[in-house]
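Predicted, not measured: the structure shown is a model, and the values here were computed from it. A, B, ... follow the sequence lines: proteins, then strands. Residue 1 opens every chain. Heavy-atom basis, side chains included; hydrogens, waters and symmetry copies ignored.
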Amino acid sequence: MSIRRAGFARRSKALTQIPGCSLADIAFLLLIFFMVSTAFRRETERPIEWPTAAATQQIDEKHDDIMYVWVERTGEVFINDLSVPMEEVAALIEPLSAASGSSLTISLRADARVPYIFIDQLQTQLKRAGTRRVVFATDLERRMATN
Amino acid sequence: MSILRSRKRRITDEIPTSAMADIAFLLLIFFLMATAFPRDQGLRVVLPEESGVVEVGQSDVFQIIILPDGTIRVREGDAAERSVLPRELEAIWQEQAAVNSEMVAAVQTHPAAEHRHMISVLDALQLAGAGRISLQMLEIEP
């Protein structure tokens with residue numbers, strides 16, 4: 001006669017709860033990841049249509065060494081959320097370029113359909129400000145293999 | 001009586017950690033919401049100095065003209081102009097560069113042409129490995 005049949009069957013000790021002791025560790029791990037990788041937004045994105053290019057490269061410069069210049073389809077220029085007249089762009093960028101020791105990179109975020117005349121005027125302003133490193137911001141164009 | 005009623009005060013010397021997970025989650029949610037991964041990417045160019053003028057011989061210039069409708073016309077040296085597609089430009093440049101390594105790509109864009117047309121030409125030239133690219137605005141005769 002087995003013990004079970006005699007009424008002495010042991011209850012299973014398997015827990016029905018999800019172990020939550022490592023939850024805090026996971027939370028801290030994620031927290032540290034986001035704390036390290038966070039770059040707080042300095043300005044709001046303008047509503048532009050991004051041009052695409054297959055030769056798009058990732059820009060490795062430090063976040064502080066990149067300045068964003070937005071050009072909307074109308075040709076209006078925005079820097080740090082402020083509309084800047086075209087002829088005042090050089091005066092605004094020049095002191096920042098000088099302070100950075102010419103390591104300032106301009107990320108030119110122009111609408112895909114903006115007339116080129118505005119881009120040319122902006123390049124003239126950037127040259128006047130002593131800035132030489134420019135990135136035409138684009139989205140990566142994925143091409144189908146032709147072979 | 002007073003001896004019986006008196007209780008020992010239990011003072012623990014540990015920092016309570018029960019709320020630590022809550023704080024961690026609170027901070028986690030904050031950073032999740034505040035994070036904006038930067039998308040710093042594009043086509044890199046180096047602008048010339050404002051006063052810098054570089055003389056280049058006519059035979060070393062590969063002229064690319066972008067018209068308002070996006071048509072691309074090329075002229076190699078003294079040859080006549082011809083229209084090409086953006087995807088053809090890469091192979092044409094590689095042929096040119098194989099013959100003359102000093103070749104300069106002079107991209108002249110019409111003032112009314114859209115920015116994306118210039119980007120497509122710059123894209124093709126960078127894919128082809130062009131190192132010397134000049135970006136100019138097309139001068140229109142009145």
Side-chain angles (χ1 to χ4, degrees), chain A residues 20 23-28 30-31 33-35 37-41 49 51-61 63 66 68 71 105-121 123-124 126-141 143 146, chain B residues 17-52 66 68 86-87 90 107-130 135-138 140:
Chain A
L23 210 63
D25 299 335
I26 296 163
F28 270 108
L30 287 168
L31 178 61
F33 167 73
F34 279 102
M35 280 178 78
S37 61
T38 291
F40 289 104
R41 283 196 189 96
E49 182 189 330
T52 56
T56 299
Q57 298 172 7
Q58 199 70 29
I59 308 305
D60 301 325
E61 267 81 1
H63 196 62
I66 302 175
Y68 304 107
V71 188
T105 299
I106 300 293
S107 179
L108 191 50
R109 298 180 159 194
D111 191 286
R113 294 178 191 276
V114 68
Y116 187 75
I117 188 168
F118 296 112
I119 306 297
D120 186 71
Q121 287 170 357
Q123 283 185 73
T124 307
L126 294 176
K127 279 189 266 187
R128 198 168 292 165
T131 312
R132 299 186 65 198
R133 300 164 78 172
V134 175
V135 174
F136 289 107
T138 53
D139 265 346
L140 181 65
E141 182 188 338
R143 292 183 180 176
T146 50
Chain B
T17 55
S18 57
M20 200 135 86
D22 299 335
I23 296 163
F25 271 108
L26 207 74
L27 286 167
L28 177 61
I29 290 161
F30 168 73
F31 279 102
L32 270 165
M33 298 304 288
T35 297
F37 290 102
R39 62 168 190 187
D40 296 322
Q41 57 181 24
L43 303 178
R44 195 189 285 267
V45 292
V46 178
L47 297 180
E49 287 176 22
E50 195 183 14
S51 57
I66 305 169
R87 63 171 178 271
E90 193 180 334
V107 182
Q108 295 183 315
T109 311
H110 192 282
E114 292 176 353
H115 174 55
R116 65 192 170 113
H117 299 313
M118 188 279 286
I119 289 291
S120 68
V121 169
L122 187 63
D123 184 28
L125 290 172
Q126 290 202 352
L127 283 175
L135 300 175
Q136 305 155 9
M137 191 164 70
L138 185 67
I140 304 162

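Using a 4.5 Å cut-off on side-chain heavy atoms (C-beta onward), B:H115 and A:F136 make contact.
Among A:D111, A:L31, A:D25, A:L108, the residue with the largest count of heavy-atom pairs under 4.5 Å with chain B is A:L31. Note: A:I59 leads A:I59, A:D120, A:T131 in heavy-atom pairs under 4.5 Å with chain B.
Taking each heavy atom of B:Q41 and A:L140 in turn, the nearest pair found is NE2-N, 3.9 Å. Minimum interatomic distance between A:A54 and B:L127 (heavy atoms only, all atoms of both residues): CB-CD1, 3.9 Å. In this structure, A:T52 and B:I119 approach most closely via the heavy-atom pair O-CG2, 3.8 Å. Taking every heavy atom of both residues into account, B:R44 and A:Q58 meet most closely at NH2-O, 4.4 Å. Of all the heavy atoms in B:Q126 and A:A55, the pair that sits closest is CB-CB, 4.1 Å. Contact between A:Y116 and B:Q136 at its shortest, heavy atoms only, is CE2-O, 3.7 Å.
Rounding to the nearest 0.5 Å gives a distance of 13.0 Å between CD of A:Q57 and CG of B:D40.
Of the atoms belonging to B:M137, heavy atoms from both backbone and side chain fall under 4.5 Å from chain A. Interface remark: A:T105 contributes no atoms to any contact with chain B (heavy atom separation under 4.5 Å). Residue contact with chain B, scored on non-hydrogen atoms closer than 4.5 Å, involves the backbone and the side chain of A:D139 alike. For A:I119, the part lying near chain B is the side chain, with the backbone staying farther off; criterion is any non-hydrogen pair under 4.5 Å. Contacts of B:I66 with chain A are absent, with no heavy-atom separation under 4.5 Å from either backbone or side chain. Heavy-atom distances place no part of B:H117 under 4.5 Å from chain A, backbone and side chain included.
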With side chain to side chain contact (heavy atoms under 4.5 Å, CB included) as the test, would you mind laying out the steps for B:L27 and A:F34 before giving the verdict?
CA-CA 10 Å; B:L27 286 167; A:F34 279 102; over 6 Å; no
